[in-house]
Amino acid sequence: MSRPGATAGNGVQPAWPHPLKAIIFDVDGTLAETEELHREAFNASFVEAGLDWHWSQDDYRALLRVTGGKERIRHYLQTTRRPGARTPPGAGNDWVQDLHRRKTRRYVELLRSGSIALRPGVRAWLDACRERGLLLAIATTTSPDNVDGLLRHTLGDDGPGRFACIAAGDMVAAKKPAPDVYHAVLDALQLPPAACLAIEDSTAGLRSARAAGIATLVTPSLYTQGQDFDGALAVVPTLDHVDLPMRPA
Ligand code: XBP
Ligand code: MG
């Protein structure tokens, strides 16, 4: 695996923020290709709840336009009718919350027993940031338990401790593409947006970071290939395709 010293395939180096003090990572699709595992957890929770729902990859690609698992379930309940799909009686907020709790439990179990790995280049960037004194943070729509599970599974029990701030899920009022989660990170780090770089995989994530004034590098994922990344500092296949001018050690 190439270290951050490698340069972009075409040799072009984006105009990185300077001075760069922190890198803020999105989680799903950016740190790791996790959405297939989320889809498996959703479908398993539907079976556990006695529902005849099933989200195919095509269903899920469309549903991912709605950020947040609870919001996604609610959207499906309100807008999508499968022939013969039973709509649970009295499926209100509490019912959605309970179904999403089941899903999150399943997701964390699947993480623990699965083989999810960090995307190419992510570990090298995390290590280089630590060696060079850059702050690391997370800004994600997914639930905090899912972040903790992924970081421990991929980085070991000290994984979560690598990040000065983890802003996730319902910690903020409005999910991506709203800027709330990135504002929460900037507040926690006490840094201006100009001193940070965001790493994202989706249009919703890019728009969230840009609305907070943060320069954003995009590494499209399996479910976000072909989305609109207008406004990105650069779009690269994976992080090992571009160098980051780390602050001197
Ligand atoms: C991606 C999301 C999340 C996940 C599912 O988050 O939109 O909703 O798909 O996780 P990000 P939850 O790319 O910002 O990391 O079911 O916990 O929401
Ligand atoms: Mg993402």
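Computation of the quantities below employed the complete heavy-atom set of this structure, encompassing side-chain atoms and omitting hydrogens, waters and symmetry-equivalent molecules.
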Visitor: Can you check whether Y76 and W55 have ring centres sitting under 6.0 Å from each other?
Guide: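 For Y76 and W55, the ring centres are under 6.0 Å apart.
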Visitor: According to a hydrophobic-cluster definition based on side-chain heavy atoms being under 4.5 Å apart (Ile, Leu, Val, Met, Phe, Trp, Tyr only), do V147 and V108 belong together?
Guide: no
Visitor: Nearest 0.5 Å, what's the NZ-SG distance between K21 and C196?
Guide: 9.0 Å
Visitor: Starting at CD of Q97, measure out to CD1 of I73 and round the result to the nearest 0.5 Å.
Guide: 9.5 Å
Visitor: Could you walk me through whether T203 and D230 pass the side-chain contact (heavy atoms from CB on, under 4.5 Å) test, one step at a time?
Guide: CA-CA 8 Å; T203 298; D230 185 34; over 6 Å; no
Visitor: Could you tell me if the side chain of L217 sits less than 4.5 Å from the side chain of W16, heavy atoms only?
Guide: yes
Visitor: Which atoms form the tightest heavy-atom contact between L150 and L31, and what is the distance?
Guide: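 Scanning both residues, the minimum pair turns out to be CD2-CB, 4.3 Å.
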Visitor: Please name all residues satisfying side-chain hydrogen bond (donor to acceptor under 3.5 Å, both in side chains) with D145, sequence neighbours left out, ordered by chain then number.
Guide: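 Applying side-chain hydrogen bond (donor to acceptor under 3.5 Å, both in side chains) to D145 gives none.
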Visitor: Can you check whether I116's main-chain N or O pairs, donor with acceptor, with H153's side chain at less than 3.5 Å?
Guide: yes
Visitor: Could you tell me whether the side chain of L233 reaches within less than 4.5 Å of the side chain of T216, counting heavy atoms only?
Guide: no
Visitor: Indicate yes or no for a side-chain donor-acceptor contact from R119 to the backbone of T219 under 3.5 Å, with no hydrogens or angles considered.
Guide: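 Yes: the side chain of R119 pairs with the backbone of T219.
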Visitor: Are N43 and E40 close enough, and set up right, to give a side-chain contact (heavy atoms from CB on, under 4.5 Å), and what steps lead you there?
Guide: CA-CA 5 Å; N43 285 329; E40 186 179 345; 6.0 Å; no
Visitor: Going through the checks in order, is the side-chain contact (heavy atoms from CB on, under 4.5 Å) test met by E35 and L64?
Guide: CA-CA 9 Å; E35 289 296 356; L64 273 171; 3.7 Å; yes
Visitor: To the nearest 0.5 Å, how far apart are OG1 in T104 and CG in N146?
Guide: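 It is 5.0 Å, given to the nearest 0.5 Å.
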Visitor: Hydrophobic side-chain clustering at under 4.5 Å (ILVMFWY, transitive links): who's grouped with V235? Put none if nobody.
Guide: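 Cluster partners of V235: L206, V218, F229.
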Visitor: Can you measure from CZ (R106) to CG (L37) and round to the nearest 0.5 angstrom?
Guide: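 CG of L37 is found 12.0 Å from CZ of R106.
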Visitor: Step by step, would you call S56 with D58 a side-chain hydrogen bond (donor to acceptor under 3.5 Å, both in side chains)?
Guide: CA-CA 5 Å; S56 69; D58 287 345; 5.3 Å; no
Visitor: D187: which residues meet the salt bridge (charged side-chain N to carboxylate O under 4.0 Å, His left out) condition with it, sequence neighbours left out?
Guide: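 Partners of D187 by the salt bridge (charged side-chain N to carboxylate O under 4.0 Å, His left out) criterion come out as none, since no residue qualifies.
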Visitor: Under a 4.5 Å side-chain heavy-atom rule over Ile, Leu, Val, Met, Phe, Trp and Tyr, are V66 and L77 clustered together?
Guide: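 Looking at the clustering, L77 is in a separate group from V66.
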Visitor: Please tabulate, for the side chains in residues 157-167, all donor-acceptor contacts under 3.5 angstrom to protein atoms that are two or more places apart in sequence or on a different chain.
Guide:
| from | atom 1 | to | atom 2 | distance (Å) |
| --- | --- | --- | --- | --- |
| R162 | NH1 | D127 | OD1 | 3.0 |
| R162 | NH2 | D127 | OD1 | 3.2 |

Visitor: Nearest 0.5 Å, what's the OG1-CD1 distance between T30 and I24?
Guide: 12.5 Å
Visitor: Counting C-beta onward and ignoring hydrogens, is there a side-chain heavy-atom pair between W125 and V242 closer than 4.5 Å?
Guide: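 With C-beta onward as the side chain, the pair touches.
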Visitor: Is any side-chain N of the basic residue among K176 and D26 closer than 4.0 Å to the acidic one's carboxylate O?
Guide: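 D26 and K176: salt-bridged.
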Visitor: Looking at Y107, Y60, Y223, which one forms a ring pair (Phe, Tyr, Trp, His ring centres under 6.0 Å) with H38?
Guide: Y107
Visitor: Would you give me the side-chain donor-acceptor pairs under 3.5 Å for residues 177-186, sequence neighbours excluded?
Guide:
| from | atom 1 | to | atom 2 | distance (Å) |
| --- | --- | --- | --- | --- |
| D180 | OD2 | A174 | N | 3.3 |
| Y182 | OH | E200 | OE2 | 2.7 |

Visitor: I'd like to know if R72 pairs up with D59 as an ion pair, taking the criterion as any Lys NZ or Arg NE/NH1/NH2 lying under 4.0 Å from an Asp or Glu carboxylate oxygen.
Guide: no
Visitor: With side chains defined as the heavy atoms from C-beta onward, is the minimum distance between T141 and E71 less than 4.5 Å?
Guide: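 Counting from C-beta outward, T141 and E71 never come under 4.5 Å.
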Visitor: When you measure from the side chain of Q227 to the backbone N and O of S202, does any donor-acceptor pair fall under 3.5 Å?
Guide: no
Visitor: So, T224 side chain and D201 main chain: donor-acceptor pair closer than 3.5 Å or not?
Guide: yes
Visitor: Of the options P193, S208, P17, which is the one that meets I214 in a side chain to side chain contact (heavy atoms under 4.5 Å, CB included)?
Guide: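 With I214 as partner, side chain to side chain contact (heavy atoms under 4.5 Å, CB included) holds for just one option, P193.
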Visitor: Is there a side-chain contact (heavy atoms from CB on, under 4.5 Å) between L20 and R132? Walk through the geometry before answering.
Guide: CA-CA 11 Å; L20 180 62; R132 289 157 178 77; over 6 Å; no
Visitor: For S45 and F42, indicate whether the former's side chain and the latter's backbone hold a donor-acceptor pair under 3.5 Å.
Guide: yes
Visitor: Other hydrophobic cluster members with L222, side-chain heavy atoms of Ile/Leu/Val/Met/Phe/Trp/Tyr under 4.5 Å, chained?
Guide: none
Visitor: List the atom of P144, the atom of M171, and the distance in Å for their closest heavy-atom pair.
Guide: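 For P144 and M171, the tightest heavy-atom pair comes out as CG-CE, 3.9 Å.
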Visitor: Ion pair present between E36 and R39, side-chain N to carboxylate O less than 4.0 angstrom?
Guide: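 Here E36 pairs with R39 in a salt bridge, since their nearest N and O are under 4.0 Å apart.
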Visitor: Taking side chain as C-beta onward, heavy atoms only, is H100 less than 4.5 Å from R74?
Guide: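 Heavy-atom side-chain distance check fails, nothing below 4.5 Å.
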Visitor: Between atom CD1 of I23 and atom CG of L197, what is the distance when rounded to the nearest 0.5 Å?
Guide: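 I23 CD1 to L197 CG: 5.5 Å, rounded to 0.5 Å.
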Visitor: May I have the step-by-step check of ring-ring contact (aromatic ring centres under 6.0 Å, His included) for F46 and H54, ending in yes or no?
Guide: CA-CA 7 Å; F46 299 155; H54 180 82; 8.3 Å; no
Visitor: Looking only at side-chain N and O atoms, does T34 offer a donor or acceptor that is under 3.5 Å from a partner on D28?
Guide: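 Yes, because at least one side-chain N or O of D28 sits under 3.5 Å from a partner of the opposite role on T34.
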